[in-house]
Every structure is written in structure tokens, then in C-alpha cells.
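Worksheet: the structure to be examined is printed underneath.
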Amino acid sequence: MKVRTRFAPSPTGNVHIGNMRAAIYNWLFARHMGGEFLLRVEDTDRERSTPEAIQTLLEAMDWLKLDIDGEPLYQSTRMEAHLEAAETLLSKGLAYKEDKGGTGQGECVIFRMPGTDSAYVDGIKGPLKKAAENMQDFVIVRSNGTPVFHLANVLDDIEQGVTHVIRGDDHVENTFRHIALYQALDADVPNFAHLPMIVNAQGKPYSKRDGDAFVGDFREKGFLGDALFNYLALLGWSPGDDREVMTREEMIEAFELARCQSSAAQVDLRKLTWMNGEYMLKLPEAEFEAMCFEAVAKAGIEADADYAKQVFGLVRERVKTVADIVPMVGYFFTDEFDYDEKAVRKKLQKDGVADVLAQVKAIFQELETFDEASTDKALHDFVETSGLGFGAVMAPARLAVTGIQSGPDLFPMLAVLGRERVLARIDRTVRLFLS
RNA sequence: GACCCCUUCGUCUAGUGGCCUAGGACUCCAGGUUUUCAUCCUGGCAACACGGGUUCGAGUCCCGUAGGGGUCGCCA
């Protein structure tokens with residue numbers, strides 16, 4: 001039988017990172033087995049399940065490149081079928097009506113647990129069992145006539161032909177109920193596998209207050225979908241060898257439920273950041289440039305395309321996340337950049353620096369052509385003839401031109417900035433701090 | 001509280017009785033390369049929760065303890 005997995009989120013406007021990891025594992029498993037990955041939108045909560053919320057969900061999946069097979073099933077369209085099944089259960093004596101707990105809310109439909117011990121083999125956690133006396137009957141249709149999660153979920157999984165239910169740890173107790181429901185419904189019981197939870201930096205369950213709990217947070221922080229996918233895939237699973245940065249194909253090929261961890265995993269933003277950097281480096285140049293243009297435009301910077309492309313090339317290897325781009329290239333696009341005050345005091349406001357900058361300026365002015373090779377040679381010659389150290393020349397030059405101490409290699413950067421800007425910036429620096 | 005689950009470096013993990021004086025990755029530290037920073041290279045710090053068994057031999061199997069987590073809704 002063809003393997004079928006599904007992702008069954010309830011669209012709330014935010015996609016929790018733990019849910020998304022479950023989606024990734026379902027996708028990976030389905031692809032590994034040559035099966036299908038389905039989407040079911042559990043939108044029975046009409047309050048929260050707005051079109052915008054559904055859009056957010058779809059966008060998140062798209063961003064992570066989780067392609068689905070077939071059309072999404074919207075649970076809200078299945079209410080009649082759910083209720084019908086409840087009637088059948090009722091007529092077979094497998095469920096009964098009662099005003100549960102005498103709450104006065106009216107009669108609801110309650111599923112009768114079979115009264116036998118239950119056991120199943122979890123794809124991740126191994127053999128699990130539960131004694132009959134620890135399982136109680138449960139509500140499947142509310143007194144207001146709407147189906148409860150358990151009923152709807154199981155019925156829809158049957159409808160969609162789901163063979164493997166891969167979901168969060170928090171559902172293990174439900175599994176015994178669900179198995180009983182499948183049996184009462186005369187349906188094949190699917191395989192179940194339960195993923196451990198993801199916890200925050202304090203080792204506690206991720207709550208909304210932690211921040212970084214939703215997929216959108218990671219996107220905003222400048223992470224790449226592919227990097228987050230890879231990171232999340234490795235959070236609780238490993239291929240068994242030392243590979244970490246892997247292509248989709250490699251992950252699909254290596255993925256096995258049996259190799260999934262059964263203990264909770266903590267998100268480490270530093271490792272994610274490192275991995276993201278690896279993915280940034282692998283980006284095709286055009287894609288990287290497009291990303292830069294977008295970031296820069298969003299920051300309100302107007303950039304000449306040719307010049308900007310050269311600038312982006314300069315920072316290409318240093319950018320770890322999309323969010324790094326703007327702070328890293330800012331000074332290329334304005335002559336009114338700020339200075340690192342501490343560096344100014346330490347490297348600029350010293351005896352002789354004014355003279356050094358004056359000479360550097362003069363050298364640059366006299367250069368026939370102003371490019372990487374010529375500036376490189378000129379400054380190295382100057383260092384040699386003047387007897388000054390490299391640092392004593394390069395550091396003030398860099399500060400004068402960019403305002404900060406770190407950045408791309410000096411000479412290629414000078415070439416990109418161009419003689420005019422470089423000279424003007426040296427003048428400005430001298431005017432501000434050395435006169 | 002009841003039931004269930006989990007426990008290897010700070011973090012993610014490898015490890016399925018001898019190949020483990022426990023390997024890799026991130027982070028951190030030191031050294032090297034470099035005009036700076038980053039990269040890169042080399043090296044280093046750092047873990048089998050604890051206690052009992054079983055066994056010639058246990059991170060690996062069993063029991064217990066401790067700690068952590070999940071579930072106990074007419075939420076999903």
C-alpha cells in the first residue's frame with residue numbers, strides 16, 4: 001500500500017515551529033517512501049480560521065518548499081460525515097448519549113471505550129501500552145451538535161487514506177482513544193509515530209511568550225527557508241553519519257523514523273545562524289543579489305544597480321542572515337555614515353594620523369587609475385617608504401572611509417567606492433575629527 | 001495525585017555488549033593565515049543523571065531512585 005502522511009494544522013494565523021517540524025518529518029517520510037504528503041486544514045474553529053490565517057499557513061509551507069499531493073481537505077466541509085459516523089456508532093451501541101457530568105448543557109455523544117487493554121508499536125517510541133482501567137469514555141459530539149477533534153481527526157484520516165500518523169508527543173495518550181475509534185469504525189489502524197517536543201533555551205516547552213515560536217519569526221530574523229528546513233530536520237533526527245548540511249535529496253534518501261530521537265530537543269539559534277550562513281554561501285549569485293536589493297529597498301535605501309551589485313559582492317561571504325545585509329552595507333550608500341566613536345578615539349585621534357591621511361589622500365589623487373591593484377600597490381609602497389606599520393596606515397584609512405573598524409577587504413572596497421567618494425570621505429573625516 | 005514517556009559535552013547528536021582512554025557539529029578558547037573583521041587551517045576545553053544488578057566485559061540489557069516532560073476538557 002502506498003504510504004500517505006499528512007499535515008493537519010489548525011490555521012490560527014501563526015504556524016508554531018513544533019508543528020512545522022512535524023510537517024517536515026511527515027514530508028520527509030512520505031518522500032522517502034515514495035508516498036504522498038497531504039494537507040488537511042482543521043478549520044472547524046471559525047473564529048480563528050480566517051482566510052488570512054490559512055494564507056499564512058500556505059505561505060509558510062511554500063517558504064519551506066513543502067509541496068503537497070492532491071488538494072487540501074478543509075475539515076469544515078466534513079461536518080455532515082462526522083455526524084453521520086457518530087450516528088452509526090450510536091446505533092451500534094458503540095457510543096451513547098448523556099448529559100456528561102450533569103452539566104445541564106444537554107446531551108452529548110460519548111464514545112464507549114472497549115474496556116480492553118490497548119497496545120501499539122510507535123514508529124519512534126517503540127512498544128507502548130495502556131491498561132483498560134486507565135482509559136475513559138470520551139465525548140465525540142458536543143451537546144451543541146458539533147464534532148470533537150478526536151472524531152473529526154480520525155474520520156478525516158480515514159477519508160484521506162492516511163497510513164502513517166506522525167505528530168507531536170502530546171498526542172500519545174490520544175492514540176489509544178484513536179485506535180479504539182478506528183476499530184469501532186471498522187477502519188484499518190494506521191501506523192503512529194510521536195515526535196518529541198521542541199523546548200526553548202531554558203529547556204522549557206516553547207510558549208508564545210518565548211518569541212521565535214513561530215515560523216514567521218524565523219523568516220523575519222533573516223533565516224532562509226532551506227536552512228530552517230535543514231536545521232529542523234536535524235533537530236531530533238540524524239542520518240547516522242556526520243553529515244549535517246544536506247540537500248533535500250540527501251535528507252529524503254537518508255530519512256528514517258527509527259533514527260528519530262525520542263527525547264525533547266532545544267533550539268540553538270547560534271547553530272541555526274551558522275547553518276544559515278552555509279546556505280547563504282551556496283545561494284546562486286543572482287538570488288543573493290535579489291535578496292540584497294529587496295533588503296536594501298525595504299530599508300529605504302536607493303541604490304544604483306551596478307554599484308549595488310559590486311557592494312553586495314563585497315559582503316557576499318560575510319553575511320550570515322538576510323538581516324545582516326543592511327547593517328553591513330549601509331555606509332556604501334550614504335556619505336553621512338556614523339563613526340564608531342571608540343575606534344575613532346583609538347585609531348584616529350592620535351598624533352600623526354592627520355598627516356598619514358593627508359598623504360594617503362595625496363597618493364590616491366595622483367594615481368593614474370584607481371582600482372584594487374593600484375591602491376593596493378600604492379599603500380604598500382607608502383607603508384614601506386614611510387616606515388609605518390600596516391596597521392598605522394590601513395586602520396585610519398578604513399575608518400576614514402567607512403566609519404567602522406571591520407568590513408570587507410580594504411582594496412576591493414576602495415575600488416568599488418571609487419576615487420571620488422574615497423577622497424570626499426577622507427576630507428569629511430579630517431574635518432570632523434582632526435582639525 | 002493517577003497514567004505514560006524521556007535522561008551521552010552548554011546545545012544538536014554518533015553510539016544497538018568488547019572497535020569508547022566515548023566520535024562529529026555549533027558555541028567558546030589558543031595558535032596560524034590575513035591591512036581589520038569574517039572566512040579558512042591547526043589544536044584545546046567539555047558528557048554517558050545516580051545507585052544497584054546481569055555479564056569475562058555495560059553508554060549500550062534489567063531493576064530502582066532522582067530530575068524533566070506529556071496527558072488527565074463538551075480545545076485541537
Side-chain angles (χ1 to χ4, degrees), chain A residues 8-12 19 42-45 48-49 75 98-101 103 105-110 122 124-126 128-131 133-136 138-150 152-153 167-177 194 196-199 201 203-205 231-232 234-245 258-259 261-275 277-278 281 315-320 324 328 343 347 376 379-380 383 389-399 402 404-411 413:
Chain A
S10 62
T12 60
N19 285 132
E42 303 207 333
D43 59 345
T44 50
D45 183 342
R48 294 193 295 173
S49 301
Q75 190 162 69
E98 188 186 295
D99 180 3
K100 200 187 180 205
T103 55
Q105 295 176 61
E107 289 197 319
C108 54
V109 180
I110 298 174
D122 192 283
I124 294 173
K125 300 173 107 60
L128 256 30
K129 59 180 191 296
K130 190 103 175 161
E133 65 260 34
N134 292 320
M135 297 184 284
Q136 279 87 46
F138 58 95
V139 174
I140 52 175
V141 179
R142 299 185 187 87
S143 49
N144 69 4
T146 59
V148 167
F149 162 75
H150 303 295
N153 190 264
R167 68 215 318 189
D169 229 351
D170 49 337
H171 282 296
V172 297
E173 301 288 329
N174 288 336
T175 303
F176 297 101
R177 295 170 163 170
H194 290 90
M197 310 263 93
I198 294 181
V199 296
K204 296 289 178 191
Y231 180 76
L232 253 19
L234 248 33
L235 198 62
W237 169 77
S238 85
D241 49 41
D242 290 335
R243 288 179 295 169
E244 293 202 308
V245 178
R259 295 204 58 84
Q261 214 71 18
S262 51
S263 53
Q266 230 171 349
V267 172
D268 182 359
L269 252 13
R270 288 174 307 194
K271 185 151 187 177
L272 207 209
T273 301
W274 163 77
M275 186 168 274
E278 298 290 306
L281 240 29
V315 298
R316 178 88 167 98
E317 290 177 14
R318 333 169 73 81
V319 167
K320 286 265 185 288
D324 286 345
M328 223 170 252
K347 307 276 187 186
D376 188 333
L379 282 201
H380 275 84
V383 164
F390 280 108
V393 176
M394 309 300 175
R398 173 182 292 281
L399 262 171
T402 70
I404 54 177
Q405 280 192 102
S406 65
D409 291 336
L410 184 61
F411 303 112
M413 183 167 73

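Keep in mind it's a predicted model, so treat the numbers as computed, not measured. Note on naming: letters A, B, ... go to the chains in the order of the sequence lines (proteins, then strands), and numbering restarts at 1 for each one.
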Discussion item. Checking the side chain of A:Asp122 only, and the main-chain atoms of A:His194 only, is there a donor and an acceptor separated by less than 3.5 Å?
Written reply: yes
Ignoring hydrogens and angles, write down the donor-acceptor pairs under 3.5 Å from the side chains of residues 235-242 of chain A, residues two or more places apart or on other chains.
unit_1: A:Ser238; atom_1: OG; unit_2: A:Gly240; atom_2: N; d: 3.4
unit_1: A:Asp241; atom_1: OD1; unit_2: A:Arg243; atom_2: N; d: 3.0
unit_1: A:Asp241; atom_1: OD1; unit_2: A:Arg243; atom_2: NE; d: 3.1
unit_1: A:Asp241; atom_1: OD2; unit_2: A:Arg243; atom_2: NE; d: 3.1
unit_1: A:Asp241; atom_1: OD2; unit_2: A:Arg243; atom_2: NH2; d: 3.2

Response to the item:
A:Leu269 atom CG is separated from B:C28 atom P, nearest whole Å, by 14 Å
Discussion item. In this structure, how many angstroms lie between the P atom of B:A25 and the CH2 atom of A:Trp274, rounded?
Written reply: 9 Å
Worksheet item: Within this structure, what is the CG-to-P distance between A:Asp409 and B:U35, rounded to whole angstrom?
Response: 9 Å
Fill in: Inter-residue atom distance A:Tyr231.OH - A:Leu269.CG, 0.5 Å rounding
8.0 Å
Discussion item. The criterion is ring pair (Phe, Tyr, Trp, His ring centres under 6.0 Å); which residues satisfy it with A:Phe390, sequence neighbours excluded?
Written reply: A:His380
Worksheet item: Heavy atoms under 4.0 Å, any strand shown: does A:Ala265 hit a base, just sugar-phosphate, or nothing?
Response: sugar-phosphate
Practice prompt. May I ask you to say what A:Asn153 touches in the nucleic acid, namely base, sugar-phosphate or nothing, with a heavy-atom cut-off under 4.0 Å?
Written response: nothing
Worksheet entry | d(CG, A:Leu235; C1', B:C26) in whole Å | 12 Å
Worksheet item: Checking all strands, does A:Glu133 fall into the base, sugar-phosphate, or nothing category for heavy-atom contacts under 4.0 angstrom?
Response: nothing
Discussion item. So A:Leu234, base contact, sugar-phosphate only, or nothing? Heavy-atom distance under 4.0 Å.
Written reply: sugar-phosphate
Discussion item. Rounding to an integer number of Å, can you tell me how far A:Leu272 CG sits from B:U27 C1'?
Written reply: 14 Å
Item to complete: Could you walk me through whether A:Asn174 and A:Phe149 pass side chain to side chain contact (heavy atoms under 4.5 Å, CB included), step by step?
Response: CA-CA 10 Å; A:Asn174 288 336; A:Phe149 162 75; 4.1 Å; yes
Worksheet item: When every nucleotide of nucleotides 67-76 of chain B is labelled 5' to 3' by its protein contacts under 4.0 Å (heavy atoms), B for base, S for sugar-phosphate only, - for none, what sequence of letters results?
Response: -SSBS--BSB
Practice prompt. Find which nucleotide of RNA chain B each of A:Gln266 and A:Leu128 is nearest to by heavy atoms, and output the residue with the more 5' nucleotide.
Written response: A:Leu128
Discussion item. Can you identify which nucleotide, out of B:C3, B:C6, B:U36, has its nearest atom closest to the A:Asn134 side chain?
Written reply: B:C3
Discussion item. Categorize A:Arg167 for me: base, sugar-phosphate, or nothing, with a 4.0 angstrom heavy-atom threshold over every strand shown.
Written reply: nothing
Discussion item. Whether A:Ser238 contacts B:A14 is assessed here as follows: a side-chain N or O lying under 4.0 Å from the phosphate OP1 or OP2. Is that the case?
Written reply: yes
Worksheet entry | Spacing between A:Lys125 atom NZ and B:C4 atom C1', to the nearest angstrom | 9 Å
Worksheet item: Which part of the nucleic acid, if any, lies within contact of A:Pro196, taking any heavy atom under 4.0 Å across all strands shown: a base, the sugar-phosphate backbone alone, or nothing?
Response: nothing
Worksheet item: For RNA chain B, whose closest nucleotide is more 5', that of A:His380 or that of A:Leu281?
Response: A:His380
Practice prompt. Could you tell me whether a side-chain N or O of A:Asp324 sits under 3.5 Å from a main-chain N or O of A:Lys320, the two making a donor and an acceptor?
Written response: yes
Worksheet item: Does A:Thr402 reach the main-chain N or O of A:Arg398 with its side chain, forming a donor-acceptor pair under 3.5 Å?
Response: yes
Worksheet item: Ignoring hydrogens and geometry, is there a side-chain-to-backbone donor-acceptor pair from A:Asp409 to A:Phe411 under 3.5 Å?
Response: no
Discussion item. Rounded to whole Å, how long is the line connecting atom CE of A:Met413 with atom C1' of B:U36?
Written reply: 9 Å
Practice prompt. Rounded to the nearest angstrom, tell me the gap between atom CG in A:Leu379 and atom P in B:U36.
Written response: 14 Å
Response to the item:
Testing B:A25, B:G10, B:U39 for proximity to the side chain of A:Asp268, the answer is B:G10
